[in-house]
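For reference, the structure is listed below as structure tokens.
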Amino acid sequence: MWEQVRAVLGEAFERLGAVIAADLPGIVAMLIVLVSTTVAAFVIRAILRAVLGRTGFDRRAREWGVTTGRDLGPRQEPSAIVSRFAFWLVVVAGIALALEVLGASTVSAFGLSLLVFLPKLVVGAIILLVGIGAARFLERSTLISAVNQQIRQARLIALAVKWLVLVLAAAMALEHVGIGGELPTLAFALVVGGIVLSVALAVGLGARDAVSRALDRETRGEPRPGEPGPTGPEDKVQHL
Amino acid sequence: MSLVLEPSSRPSEPSGPDVVVGVPAEPDRMAATEAAIALETGLKEAFPGRPALAVVLTGDPSGAATPETVLALVERDHPPAIYTGGHTGPQAALPTLLEIAVARDAPACALLQPLPRPSDPRWLRALLEPVLTGGFDLVVPSYARGRLDGVLVTGIVYPLTRALFGQRLRQPLGRELVLSRRLARHLLADTEWRTDPAHAGEDLWCVTKALAREVRIAQVFIGPRPRPAPQPSDVSQALAGVLDTLFHEMEVHAHYWQRVIGSQVVATFGEERLAEEPANAPAVAPLVDAFALGWRDLRPLWSSVLPPHTLLALQRIPRAPPEAFRMPDAIWARVLYDFAVAWRFKLMERRQLLRSLTPIYLGWVASYVNEVGPLGPDAADERVERLCSAFEDEKRYLISRWRWPDRFNP
């Protein structure tokens, strides 16, 4: 009996040895890929930080309204966030590549799909980031213009502009990444259509008289409420 | 290169053959041509025996000559139209005028607006003689103004340029200039025509260049303006345009103005008189409303530009009744200085930053109208003087924030 046990164990160890001998290069290669990509991620993060710092990326982000620039810690600056994002992107790409190198059929398919998905994710993130920047810039621009035009609902208008651009950017990003299929486009069209319809109904039903009065004022050249009365140029401020 | 020009030419020195006067053609070329004809006739009467040239400076090439062609013209019936290279307005007209004046070695050149002028040429003599015979390098024509006219100049341009450069030039934004040969050469040789075409050639650009070079500057009061100054349809655009140029010049000449303390009187010719004023002062209620609306909606933006102390001071100004609205001079000066620092460090997009100042500016206008409305001419002048003193007193605050924006933030 012991002879049989020894024979079985010997066969098992032989098979294990054969499996290890067969998979060891793959595992070593996987480890090498993981270590290299991690090192590359650190290097890329350092380079990005230096380049973005020198090109005034944080200042431009502040200028465009992506950040306020006040009370931001060093880890919260846009250049730090972008560098971190790039770091994790390279790490994830490294993991996907490592799985592919390992060669096991299930994990290899997963790694391959991750590798295919990553570029789309990056472009989607860029679309979203640009959208956020554009939304904040347009919100501020609209707010200032509306306040200077003496519009009482300036904040509401600015907020509407911001969310419209944000929703548009999110829909574009999701569509590019391929999440939700046609749903983001459909949802965006429904939201915008709903807003336009509700505004049209609100103006048509609730503010018909006000719109009519405003149009009358425009055609007769009368001043808006809050503006100086039609008393001639002597009542206006001579700025220049 | 030294910032100070060579010693000024003395009246006894031989002068060149010509006085060159340029009139921008746009937006009304016909009016500009008529103005140039009248100016040429006036120059002949004002300076008999001294050849003079009046030119119309246009951005439209049709029927216009180049600056080189006009130099070859011997016989002509009317002032020639000179092509400025496709650009229009006084900013584009100035380099072409300087080019002609320098090429002709003219001792004086002037950029004047196409306005109906008095038939008596004494005003032309008053304007040009400080340069031709008085040894001045820059003469800025000033028109008689009402107490409440040109509040953008009174409230921002005059006190700010005075505090920065130490010269009391009352109307630096006149869009009209008379320049000496030396200053014309220096301006023409300036590298900013290439490096910064957006600002080069503006009236404020020329004036600040002259102020920073410590050339001899004079202002000449030439009576009431023949036609009221055109008013901007959008105040925030006008404010942003003027402030953008001012802050840009602040940045360019920062090494100079940080050494200037106090201010001195500029040589003044002619009598400063107040123009006739309308019976009614501007309504202040809409201006105070604009300030209150700005405070409600733009405060989050202002809080990234203005320090808490200034925000608190703005919050404490009582809004009602509008006739009692007062903005302290020191606070107004600090607000402008803080916006200049924010512009320098690009705390937000520059155009947005400058346009966001409009409600505070309108609040200051309300305060100024409330204070100056009931005053006589002398008292109104004293009021402006107090405002300028506040700007000069607060200059230390500006220098501190300009140098150490993060460390010095009260």
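In what follows, chains are A, B, ... by sequence order, proteins preceding strands, each numbered from 1. These numbers come from the heavy atoms of this one structure, side chains and all, not from hydrogens, waters or symmetry mates.
Within the 4.5 angstrom heavy-atom criterion, only side-chain atoms of B:L362, from C-beta onward, approach chain A. With a 4.5 angstrom heavy-atom cutoff, B:I156 does not touch chain A via any of its atoms. Looking at B:R296, the atoms closer than 4.5 Å to chain A (heavy atoms on both sides) sit in the backbone and in the side chain alike. Only the backbone of B:L148 comes within contact range of chain A, with heavy atoms under 4.5 Å apart.
The structure places CD of B:E349 at 8.5 Å from CD1 of A:I144, a figure rounded to the nearest 0.5 Å. Note: A:S145 OG to B:Q237 CD = 8.0 Å, rounded to the nearest 0.5 Å. Atom CD of residue A:Q149 and atom CG of residue B:D234 lie 6.0 Å apart, to the nearest 0.5 angstrom.
Using modelled atom types, one side-chain atom of A:N148 and one backbone atom of B:R355 make a donor-acceptor pair closer than 3.5 Å. A donor-acceptor pair under 3.5 Å links the side-chain atoms of B:Q231 to the main chain of A:H239, judged by distance alone.
A:V147 approaches B:P359 most closely through the heavy-atom pair CG1-CG, 4.0 Å.
Interface check for chain A: of the options B:V153, B:L173, B:V235, B:V365, the most heavy-atom pairs under 4.5 Å are formed by B:V235.
Proximity of B:L293 to A:R152: side-chain heavy atoms (C-beta onward) are separated by under 4.5 Å at one or more points.
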